[in-house]
Number of protein chains: 2
Amino acid sequence: MTSPGRTRAAGRPTLEQVAAEAGVSRGTVSRVVNGSLEVSTNTLHAVREAIEKLGYVPNQAARNLVTKRTDTVLLVVSEAEERVFGEPFFAGLVRGLGEELARTNLQLSLMLAGSDRQRERVERFARDGRVDGAVLISLHGADPLPGKLVAADIPVVLTGRPLSSESGMPFVDADNLSGAEAATDHLFRIGCRRIATITGPQDMAAGVDRLAGYRAALEFRRGGTGLVAHGDFGRASGERAMRELLERDDTIDGVFAASDLMAAGAMRVLREHGRRVPDDVAVVGFDDSDVARNTDPAMTSVSQPVRRMGNELARLLVTRIEQPDSVPGPVILPTGLVHRDSA
Amino acid sequence: MTSPGRTRAAGRPTLEQVAAEAGVSRGTVSRVVNGSLEVSTNTLHAVREAIEKLGYVPNQAARNLVTKRTDTVLLVVSEAEERVFGEPFFAGLVRGLGEELARTNLQLSLMLAGSDRQRERVERFARDGRVDGAVLISLHGADPLPGKLVAADIPVVLTGRPLSSESGMPFVDADNLSGAEAATDHLFRIGCRRIATITGPQDMAAGVDRLAGYRAALEFRRGGTGLVAHGDFGRASGERAMRELLERDDTIDGVFAASDLMAAGAMRVLREHGRRVPDDVAVVGFDDSDVARNTDPAMTSVSQPVRRMGNELARLLVTRIEQPDSVPGPVILPTGLVHRDSA
DNA sequence: ATGAAAGCGCTAACAT
DNA sequence: ATGTTAGCGCTTTCAT
């Protein structure tokens, strides 16, 4: 009880103790731990043995204090829990990030920022100096978070083109415009002439760009582009939008939805209304997620290389961290169209 | 360039500078920052002003070094990315955890441990002294991670009863047995007499207990309990299991699946085989997730209070952190049956 | 190749 | 109520 350690990390051996055990100085142990080459084989072994014997693990706080690095990067997702854990998009991204970061000694840590309160916490966490950099994803409109982090001198990379392009922050995005264009054009080519779209949120570039792609395709084909209903990428919004569209025009024969979830919702509503997919109405989604594979009929969908996007994000961030003055340009990755049975 | 700061956190004002600016000592500033009451109103104001003026933010590394606390707790999910971001179960849990932790000054950080490599990283991270405690979820079989963390003197709480109950670690779980029993009994009461089950992984208590519940219900009703096929909670495994079951016995008229995802897979296979749900075969799932609400017909499912489970996990962990010697007992929360159209 | 020593920025115990 | 001081455990010059 009165022993020298009531504190949590008590008893943990220190550099000092390892040094004593190995009969060398602190500095030498430090060199061994950090893989310096300027250590003789003999001492190297002695120190290693001592480390092993004592079960020494470097104290990060002490190390951070002097190096100013934390070897941790933060993934901030600006969505509510339900969204984050419902959208398969994030899975690929996280995997991609993890893969790439595994090559470095950076550890990935994830935090949600779906509410103001959470955003504030994330900001404080980052400003406290607990991370070397941050990847932000799913930013809406004029989220102040990226700006605040940059102001706090924290390297930041974004997922998805920021709406206000003045930001100048490096970002990675899928070619949403081309993807949407290809999807819409596909509907046209299989014979649809009354093609509607269900958009994503218009405060995100992904939402805006996919709508633009739809428009571009139809303008090129000289089709009408008026059948637009807005959604928020979520399933329920897709159902709502589809109902609205059907009410406005019941001759619709093709639908391009800006997310698989919305497309799935639309398919359900179409069925409720007695429309067969794809015979009466063809449907294309966006994301090529699990959802698309599991609708009935299986859904044709635009694929984005989420995993590669994660890879690129990691690379960009590492670059920013290692060369704070570099401003790597944006990375735009190509999308594809995966043909299944719904269109 | 030769200025005193090329390092990342360079130029950040320190306690010392704030003290100078406010004309007081370091100690006093520290007291203000940490909310000590023993400070006169005057100096309090002076210090606050100085902090404001200089934009001072305490350096966490320095603070951690002396306090031995990080104010961070880790949520470790022992699943692959695809799983984590596909199962809505996690959303509720994370939300519950966040809610409760928001009352404290603990920050939640999430890490995946789906591969050995990731598990190793997580272990190192925790042993490095970067977290005050950890919540582990989705443990399989004899995962060594919890033991290692405990050995490293890190407070740990588990989600789901550990299979080897000798561990003695505090945990939170849903009453899986009762839930499964209620689901199965419901099938019996609506007239099913050939009731099959699709189990979860048998290296997790949730899988084992739900199967036990199925058995208990049928034994009580004197029904046969032989129609068992194994799955892993995932959709594909549900499809596989359903096919297998139909091959073995095509008079099956009720199915209890240990997860919504598997139940959804089963429903699809049933439809493929020309069985109508619930008319020919009634189906009950487990989780009461979004998936259950979106099948056609909507799925009857066992609900677990995931959010409350998250709350309780946080409470347990906080207790463990604040009183390292306390060993709070397990918390088992009740499940319910949500009636929809599939049974 | 190695040791010695000067901090990194903060908290907390002790004085006053 | 406030100042003083001794570290927390580590990295990193600077000598040798």
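This one's a predicted model, so the numbers in the text were calculated from it and none came from an experiment. Convention: sequence-line order gives letters A, B, ...; per-chain numbering from 1.
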5' priority, DNA chain C, between A:V39 and A:R26 [closest heavy atom]: A:V39
Phosphate contact (D:dT2 OP1 or OP2) by B:S40 side-chain N/O below 4.0 Å: yes
Phosphate-side-chain proximity, A:K68 and D:dT11, N/O vs OP1/OP2 below 4.0 Å: no
Is the distance from OP1 or OP2 of D:dC10 to the nearest side-chain N or O of A:T67 less than 4.0 Å? no
A:N59 has an atom CG; how far is it from atom P of D:dG9, in whole Å? 7 Å
OP1 or OP2 of C:dT11 sitting under 4.0 Å from any side-chain N/O of B:S30? yes
Between A:E38 and A:R31, does a salt bridge (Lys or Arg N to Asp or Glu O under 4.0 Å) hold up when you go through it step by step? CA-CA 8 Å; A:E38 326 188 327; A:R31 283 175 199 117; 5.6 Å; no
A:E16 vs A:R31, nearer the 5' end of DNA chain D by closest nucleotide: A:E16
Flag for B:Q118-B:E81: side-chain donor and acceptor within less than 3.5 Å: yes
Proximity to the side chain of A:T14 - top-ranked nucleotide from D:dG9, C:dT2, C:dT11: D:dG9
On the nucleotide C:dC8, are OP1 or OP2 found under 4.0 Å from the side-chain N or O atoms that A:N64 carries? no
Looking at B:R117 and B:E120, does any basic side-chain N land under 4.0 Å from a carboxylate oxygen? no
Just the rounded figure in Å: distance from P of D:dA15 to CD of A:E38. 17 Å
Closer to the 5' end of DNA chain D via nearest nucleotide, is it B:L65 or B:S25? B:S25
Taking atom P of C:dT11 as reference, at what distance in whole Å does atom CZ of B:R63 sit? 5 Å
Under 4.0 Å, counting only non-hydrogen atoms across every strand here, what does B:V24 touch: a base, just sugar-phosphate, or nothing? sugar-phosphate
Spacing of B:D71 atom CG relative to C:dT11 atom C1', expressed in whole Å: 13 Å
Return no unless some side-chain N or O of B:T43 is found under 4.0 Å from OP1 or OP2 of D:dT2. yes
Whole Å only: how far is the CG atom of A:L15 from the P atom of C:dA6? 18 Å
Is the backbone N or O of B:R69 less than 3.5 Å from a side-chain atom of B:D132, with the two atoms forming a donor-acceptor pair by type? no
Can you tell me how far apart CZ (A:R124) and CD (B:Q107) are? Round to the nearest 0.5 Å. 8.0 Å
